[in-house]
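Encoded as structure tokens, the structure appears first; notes follow it.
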Amino acid sequence: MRWVSGGGGAYAGLLFFGALLVIPDLWLRGTAPVRFHRQRREVAFVVERPGRKVFLPAPSAHLMYGFWFALFSISGFLTLVSLGGLGGEMHMFDRQGIALMATVHLIISPALAIGYVLFYRWVRRLAGWRKETVFVPWEDVVAVATRNMAVTVGGPAGLGWELHILPPDPERPGYSLAGAGVSAGMTGLQMAMMQWELIRRYMEEGPEAAPERADDYSVAWYKEEMARQRKRHEREGKPFWRYRLKCWMELAYFASWYTEYRVKHVLPKASPKGWVKEWSQPLPESEWARPSAELTELTRQVEAAYERGETFLDLGPVEERFGQPSAGEAPKAAYPSVPFAAHSG
């Protein structure tokens, strides 16, 4: 059977695309989980207790993408040299050339990238680093919105925001516990504030204060969105097929499918089976934790400000404005913790 270069290129491209999906999944599976318990008014964070210093960069998503790009570029250059692409006879698109390029790019390079993640985790274990689950009182949890500027060789490429939910270090006011917390990319400051307000109202007021349904960008959501867009286009007399074609070209359906796949099959693997199982059980209403007097008074003051027509952006530092300027500045006892393992807690 004769090797067809076009088919080989398509196969190689498919494998490369698949590798770009697998590597971020490995990073997600190693992401420390966070669990909220409204009745206990506690949040379970996974923290890293440091051991000896490790002189290796952590395999974050950005680092792994850069690492992958560097390996891909180096392996491509070496493949060109080995195939005579810099002066000799060119054999890049025959059967042997495509097989060599596919092997280097799609097997060796991903193996090195994945191997680095595994090697990094192994070195940290040797250095004595360990994970623990820490139970943080809800009123101690801190939310921070940060602004990030993306820069390319052509200049600033865009502006993004991230919402960080962090556990403070009770023994070192002003610092967070190492390796703990969760971060999510946001389109703007307002979106970050809305996300935090959704979590806050759930924890302080209960499920009835949160929306009944939020967009989860699943396949079902995609189909409902297409139905809504079809009706809108028909109502406005516009051809719907153009919008649908645009969504297909932007891989919108695939994005929804992959989002659903990650939520159901990738993110659950970040937590050991039975993680904080006992702690996660519901409590009788008589045993529910109650907010402190300070938080109750602060909430009353904020709600009164809302009734006067002020917005969250107008309030500024609410602790300073409403008479609690030293909140969170006094050292406290360490939070209770258990080893990060199956059936812990």
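Counting begins at 1 with the first residue of the sequence.
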[X] versus [Y], closest heavy-atom pair with distance:
X: Trp275; Y: Ala44; value: CH2-O, 4.0 Å
X: Pro173; Y: Pro170; value: CD-O, 4.4 Å
X: Glu260; Y: Val219; value: OE1-N, 3.0 Å
X: His233; Y: Pro239; value: CD2-O, 3.8 Å
X: Pro268; Y: Arg262; value: CD-O, 4.0 Å
X: Met203; Y: Arg41; value: O-NH1, 3.7 Å

### Message
Centre-to-centre under 6.0 Å for Tyr222 and Tyr253, is that the case here?
### Response
yes
### Task
Start with the C-alpha distance between Arg200 and Trp138, add both sets of side-chain angles, then the distance that settles side chain to side chain contact (heavy atoms under 4.5 Å, CB included), and finish with yes or no.
CA-CA 9 Å; Arg200 187 199 67 80; Trp138 164 247; 4.1 Å; yes
When you compare the side chain of [Y] with that of [X], does any pair of heavy atoms fall below 4.5 Å?
X: Leu283; Y: Arg40; answer: yes
X: Pro33; Y: Ser271; answer: yes
X: Phe240; Y: Glu234; answer: no
X: Gln195; Y: Met186; answer: yes
X: Thr133; Y: Val276; answer: yes
X: Glu171; Y: Pro331; answer: no
X: Glu48; Y: Arg124; answer: yes
X: Arg130; Y: Pro339; answer: no

### Task
Determine, step by step, whether Thr146 and His164 satisfy the side-chain hydrogen bond (donor to acceptor under 3.5 Å, both in side chains) criterion, reporting the C-alpha distance in whole Å, the side-chain angles of both residues, the deciding distance to 0.1 Å, and the verdict.
CA-CA 8 Å; Thr146 59; His164 309 273; 2.8 Å; yes
#### Entry: Step-by-step side chain to side chain contact (heavy atoms under 4.5 Å, CB included) determination, Ile165 to Trp196
CA-CA 9 Å; Ile165 301 177; Trp196 170 246; 4.2 Å; yes
Nearest 0.5 Å, please: how far is [atom2] in [Y] from [atom1] in [X]?
X: Arg49; Y: Trp129; atom1: CZ; atom2: CH2; answer: 11.5 Å
X: Leu245; Y: Glu250; atom1: CG; atom2: CD; answer: 10.0 Å
X: Ser256; Y: Glu225; atom1: OG; atom2: CD; answer: 9.5 Å
X: Arg38; Y: Glu205; atom1: CZ; atom2: CD; answer: 10.5 Å
X: Glu204; Y: Glu139; atom1: CD; atom2: CD; answer: 7.5 Å
X: Lys231; Y: Arg235; atom1: NZ; atom2: CZ; answer: 9.5 Å

### Task
Please test Trp279 against Glu42 for side chain to side chain contact (heavy atoms under 4.5 Å, CB included), starting from the C-alpha separation and ending with a verdict.
CA-CA 10 Å; Trp279 176 86; Glu42 288 182 342; 2.8 Å; yes
Same cluster for [X] and [Y] if Ile/Leu/Val/Met/Phe/Trp/Tyr side chains link at under 4.5 Å?
X: Met194; Y: Leu198; result: no
X: Leu177; Y: Tyr175; result: no
X: Val142; Y: Phe36; result: no
X: Tyr243; Y: Phe254; result: yes
X: Val34; Y: Val141; result: yes

Spell out, as yes or no, whether a donor-acceptor pair under 3.5 Å connects the side chain of [X] to the backbone of [Y].
X: His37; Y: Val43; result: no
X: Gln301; Y: Glu297; result: no
X: Arg52; Y: Leu126; result: yes

### Message
Quick check on Met193: does its CE atom have over 12 non-hydrogen neighbours (other residues, nucleotides or ligands) under 6.0 Å away?
### Response
yes
### Query
When you look at CZ of Arg242, are more than 12 heavy atoms from neighbouring residues, nucleotides or ligands closer to it than 6.0 Å?
no
### Task
Could you tell me whether Arg300 and Glu303 make a salt bridge, using a distance below 4.0 angstrom between a side-chain N and a carboxylate O?
no
### Query
With a distance cut-off below 6.0 Å to the six-membered ring centre and an angular limit of 45° from the axis, does Arg230 pair with Trp241 as a cation-pi contact?
no
### Message
Would you call the rings of Phe119 and Trp122 parallel, tilted or perpendicular, taking 30° and 60° as the class edges?
### Response
tilted
#### Entry: Parallel, tilted or perpendicular, as decided by the 30° and 60° cut-offs, for the rings of His265 and Tyr261
tilted
### Query
Passes side-chain hydrogen bond (donor to acceptor under 3.5 Å, both in side chains), Ser183 versus Glu162? Steps please.
CA-CA 6 Å; Ser183 300; Glu162 285 189 344; 4.9 Å; no
### Message
Run the side chain to side chain contact (heavy atoms under 4.5 Å, CB included) test on Phe45 and Leu166 for me, step by step, so that the C-alpha distance in whole Å, both residues' side-chain angles and the decisive distance to 0.1 Å come before the verdict.
### Response
CA-CA 8 Å; Phe45 289 95; Leu166 306 170; over 6 Å; no
